[in-house]
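Residue numbers count from 1 along this sequence.
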Amino acid sequence: MDGFVILKNKNIEAVHRDQDLAFIEKVIRLKGLKTNAEDIIPIRDLNSILNFINNKHGIFQISKKSAKSAYLGKLISLNDEELIIDFLDTKGQFGGELSFNPEKIRVIEFDTDYINSLKLVIPENQK
């Protein structure tokens, strides 16, 4: 109910629909939330996903396989060998470039309350 999460499904064998998920689905229905054509995320590949998020939402968070850390930022560039983001720290300041192997990215999150709160304190000339 807080933002969006995109998971790399390469190693997912099944999805267990528990009571928490059923509750979230019920709340979404009760809120009357609907998806329109411009909100549909193109999930063809990492490039299409990140470019959509970058253009529509600006800031996103990625996690790698280890999930010990999460990295927020905005897209600088992406190719088959390297994803480069402008890292956003916990104070809403951009801290420079971070580079990742695209194959190691397992989770992408965006439009969460935390990310949207940080976007409020980013200086206007850096958005």
Side-chain angles (χ1 to χ4, degrees):
M1 290 187 293
D2 180 22
F4 298 87
V5 177
I6 300 173
L7 303 170
K8 187 172 188 176
N9 65 1
K10 175 180 172 185
N11 299 318
I12 296 174
E13 294 176 5
V15 175
H16 176 70
R17 189 173 178 268
D18 60 7
Q19 289 179 338
D20 291 339
L21 184 56
F23 176 76
I24 290 170
E25 291 171 357
K26 179 180 178 180
V27 170
I28 289 170
R29 276 193 308 278
L30 290 171
K31 284 183 166 184
L33 297 176
K34 303 272 187 219
T35 303
N36 62 44
E38 61 190 40
D39 291 332
I40 296 173
I41 303 164
I43 56 172
R44 293 181 299 274
D45 54 29
L46 184 62
N47 191 30
S48 62
I49 293 168
L50 288 180
N51 278 299
F52 173 85
I53 295 169
N54 191 62
N55 292 333
K56 186 152 178 78
H57 300 278
I59 307 297
F60 55 88
Q61 175 177 303
I62 58 172
S63 301
K64 299 189 301 183
K65 184 178 181 180
S66 68
K68 293 179 183 175
S69 299
Y71 306 91
L72 279 78
K74 59 184 176 182
L75 182 65
I76 293 176
S77 67
L78 173 63
N79 60 41
D80 290 340
E81 290 84 34
E82 185 177 49
L83 163 65
I84 301 174
I85 65 169
D86 193 356
F87 176 70
L88 184 65
D89 69 18
T90 58
K91 302 281 188 199
Q93 300 291 317
F94 287 103
E97 295 182 2
L98 281 181
S99 174
F100 304 91
N101 177 345
E103 287 295 315
K104 301 290 183 189
I105 295 169
R106 296 291 183 256
V107 180
I108 303 168
E109 296 181 60
F110 62 98
D111 201 24
T112 65
D113 186 53
Y114 178 68
I115 293 170
N116 291 336
S117 297
L118 280 178
K119 287 165 69 173
L120 293 172
V121 298
I122 296 172
E124 201 57 44
N125 64 343
Q126 293 182 7
K127 290 185 179 180

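Here the shortest heavy-atom pairing between Ser63 and Ala70 reads OG-CB, 3.8 Å. Between Pro102 and Asn79, the shortest heavy-atom contact is CG-O, 3.5 Å. When all heavy atoms of Phe100 and Leu98 are compared, the pair lying nearest together is CE1-CB, 3.8 Å. Between Leu75 and Phe60, the shortest heavy-atom distance links the atoms N-CE2, 3.6 Å. Gln126 and Lys74 get closest at one heavy-atom pair: O-NZ, 2.7 Å.
Heavy atoms from other residues, nucleotides or ligands lying under 6.0 Å from NZ of Lys56 number more than 12.
The closest side-chain heavy-atom distance from Leu88 to Ile59 is below 4.5 Å. Annotation: side chain of Thr90 is in contact with side chain of Tyr114 (closest heavy-atom distance under 4.5 Å). Ile122 is listed as a side-chain neighbour of Phe94, based on a closest heavy-atom distance under 4.5 Å. Looking only at side-chain heavy atoms (C-beta outward), Ile85 and Ile76 stay at 4.5 Å or farther from each other.
From Asn54, atom CG reaches atom CD1 of Ile49 across 13.5 Å, with rounding to the nearest 0.5 Å. Atoms CD1 and CD, from Ile53 and Glu109 in turn, are 10.5 Å apart once rounded to the nearest 0.5 Å. Distance check, rounded to the nearest 0.5 Å: CD1 of Ile115 to CG of Asp111 gives 8.0 Å. Note: Arg106 CZ to Ile6 CD1 = 15.0 Å, rounded to the nearest 0.5 Å. Note that CG of Leu83 is 8.5 Å distant from CD1 of Ile108, once rounded to the nearest 0.5 Å. Rounded to the nearest 0.5 Å, atoms OG1 (Thr112) and CG (Leu72) are 7.0 Å apart.
Residues Ile105 and Ile84 are members of separate hydrophobic clusters, defined by side-chain heavy-atom contacts under 4.5 angstrom among Ile, Leu, Val, Met, Phe, Trp and Tyr. Linking Ile, Leu, Val, Met, Phe, Trp and Tyr whenever their side-chain heavy atoms come within less than 4.5 Å leaves Val107 and Leu78 in two separate clusters. Hydrophobic clustering (ILVMFWY, side-chain heavy atoms < 4.5 Å, transitive): Val5 and Leu50 are in distinct clusters.
Not counting sequence neighbours, the partners of Asp20 by the side chain to side chain contact (heavy atoms under 4.5 Å, CB included) test are Asp18.
Side chain of Asn51 to backbone of Asn47: a donor-acceptor contact under 3.5 angstrom is found. Side-chain N or O atoms of Lys8 include one that pairs as donor or acceptor with a backbone N or O of Glu103 at under 3.5 Å.
Phe110 and His57 have tilted rings, their planes meeting at an angle from 30° to 60° on a 0 to 90° scale.
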| field | Evaluation steps, side-chain contact (heavy atoms from CB on, under 4.5 Å), between Ile43 and Phe52 | value | CA-CA 9 Å; Ile43 56 172; Phe52 173 85; over 6 Å; no

